[in-house]
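Notes follow the structure.
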Amino acid sequence: MRTATQLFIVPTPIGNLEDITLRALRILKEVDFILAEDTRTSGNLLKHYGIEKKLVPHHLFNEHKTIENILARLEGGATCALVSDAGTPAISDPGYLLVRSCIEAGLRVECLPGPTAFVPALVNSGIASDHFIFEGFLPHKKGRHTRLTALAGEEKTMIIYESPHRLVKALVQFTEYFGEDRHACVSRELTKIYEENIRGTLKELIAYFEKKTVKGEIVIVIAGKG
Ligand code: SAM
């Protein structure tokens with residue numbers, strides 16, 4: 001059955017393959033084609049759920065070039081779903097440009113609710129979740145100091161994505177802006193076998209992680225300025 005929606009944004013699991021909604025599976029089966037950040041990763045995911053569907057590459061490096069063609073197909077009556085490697089597309093992943101272009105073209109866009117790493121990290125942290133800001137990945141070099149200086153006065157809980165090999169360096173840097181006694185939580189490998197949520201002051205988190213080789217995917221949640 002067709003709906004009036006042309007573009008579906010479909011969140012996929014961030015680890016545990018049980019974390020996909022019944023509606024997401026139905027939409028993935030029904031659409032004419034699926035735009036995927038990495039066709040191999042998403043191909044494996046679809047295979048797991050027994051879905052056979054044409055996957056079209058759509059990632060940071062081609063999105064500007066492919067949008068025109070995608071819009072033409074959607075305007076012609078086709079329907080498609082956008083998935084990323086994990087979690088919700090357009091959250092620190094490609095998607096925003098396509099969503100904006102579809103809206104501008106008068107096409108109907110629908111984002112399904114579903115997995116994303118920052119929500120369980122925030123809730124698991126035990127740090128105030130009534131007001132928060134999502135920073136995604138901080139800039140690496142240029143702009144990092146400016147961003148962290150602005151965040152030093154931030155009163156809301158802050159959520160940051162970071163890579164495992166930069167975790168300790170980032171935590172040490174955060175002590176310079178937030179103080180070593182600021183409360184924080186590092187969520188690693190959410191929904192996976194080796195999930196851990198380590199809570200404490202920045203100083204305590206550094207002491208815990210500097211003794212290890214940090215692997216896996218990381219979200220850092222930092223309390224706002226008290
Ligand atoms: N679109 C995704 C989302 O909705 O969360 C984010 C994609 S971004 C390219 C990848 C980053 O998300 C990782 O580097 C990590 O910071 C975070 N992430 C994704 N899966 C995770 C997991 N299972 N545990 C902890 N962090 C995760």
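All ligand and atom numbering here is 1-based and tracks the order in the structure. Hydrogens, waters and symmetry mates play no part in the numbers below; they use all other heavy atoms, side chains included.
Scanning the protein heavy atoms around atom 8 (S) of ligand 1, the nearest turns out to be Ser92 O, 3.5 Å. The closest protein non-hydrogen atom to atom 22 (C) of ligand 1 is Leu190 N, 3.6 Å. Scanning the protein for heavy atoms near atom 16 (O) of ligand 1, the closest one is Ile218 O, 2.6 Å. The protein heavy-atom contact nearest to atom 13 (C) of ligand 1 is Glu217 OE2, 3.5 Å. In terms of protein heavy-atom proximity, atom 26 (N) of ligand 1 is nearest to Val219 CG2, 3.3 Å. Atom 18 (N) of ligand 1 has Ala117 CB, 3.4 Å as its closest protein atom, hydrogens excluded (heavy atom only). Ranking protein heavy atoms by distance to atom 6 (C) of ligand 1, first place goes to Ile91 O, 3.4 Å. The protein heavy atom nearest to atom 3 (C) of ligand 1 is Thr116 OG1, 3.3 Å.
Contact annotation for Asp93 and ligand 1: only side-chain heavy atoms (C-beta onward) come within less than 4.0 Å of the ligand. At a heavy-atom cutoff of 4.0 Å, ligand 1 is contacted by the backbone of Glu162 but not by its side chain.
Counting the atoms of ligand 1 from 1 in the order shown, those under 4.0 Å from a heavy atom of Ala86 are 1 (N), 2 (C). Of all atoms in ligand 1, listed by their number and element, those nearer than 4.0 Å to a heavy atom of Lys192 are 23 (N). Close approach of ligand 1 to Thr88 (heavy-atom distance below 4.0 Å) involves ligand atoms 1 (N), 3 (C), 4 (O).
When all heavy atoms are compared, the tightest approach of Val10 to Ala81 is CG2-CB, 3.8 Å.
Between Ile14 and ligand 1, at least one N/O pair is under 3.5 Å apart. Considering backbone and side-chain atoms alike, Tyr161 places an N or O below 3.5 Å from some N or O of ligand 1. For the pair Pro115 and ligand 1, the shortest N or O to N or O distance does not fall below 3.5 Å. The shortest N/O to N/O separation between Phe137 and ligand 1 does not fall below 3.5 Å. Every N/O-N/O distance between Ser84 and ligand 1 stays at or above 3.5 Å. Note: no N/O pair closer than 3.5 Å links Arg188 and ligand 1 by distance alone.
For Phe118 and Tyr161, the gap between ring centers reaches or exceeds 6.0 Å.
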Could you walk me through whether Phe178 and Lys225 pass the side-chain contact (heavy atoms from CB on, under 4.5 Å) test, one step at a time?
-> CA-CA 8 Å; Phe178 309 124; Lys225 194 175 174 188; over 6 Å; no

Chi angles and distances behind the side-chain contact (heavy atoms from CB on, under 4.5 Å) call for Leu98, Leu82 = CA-CA 9 Å; Leu98 181 63; Leu82 172 68; 4.3 Å; yes

Step by step, would you call Arg23 with Glu110 a salt bridge (charged side-chain N to carboxylate O under 4.0 Å, His left out)?
-> CA-CA 12 Å; Arg23 186 163 164 239; Glu110 212 177 320; 2.3 Å; yes

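Counting only residues at least two apart or in different chains, side chain to side chain donor-acceptor pair (under 3.5 Å) contacts with residues 86-105 comprise Ser84-Asp93, Tyr96-Arg100.
For the pair Ser163 and ligand 1, no heavy-atom separation below 4.0 Å is found. Not a single heavy atom of Thr191 sits closer than 4.0 Å to an atom of ligand 1.
By the 4.5 Å heavy-atom criterion applied to side chains, Val99 and Ile103 are counted as neighbours. Residues Asp181 and Leu202 fail the side-chain proximity criterion, which asks for heavy atoms closer than 4.5 Å. The side-chain heavy atoms of Val221 and Phe132, taken from C-beta on, include no pair separated by under 4.5 Å.
No donor-acceptor pair closer than 3.5 Å links the side chain of Gln6 to the backbone N or O of Thr79.
Distance CG/Leu138 to NE2/His145: 13.5 Å, rounded to 0.5 Å.
Remark: Lys212 is positioned above the aromatic ring of Tyr208, its terminal NZ or CZ atom under 6.0 angstrom from the ring centre and at most 45 degrees off the axis. Both the sub-6.0 Å distance and the 45° axial angle are not jointly satisfied by Arg182 relative to the ring of Phe174.
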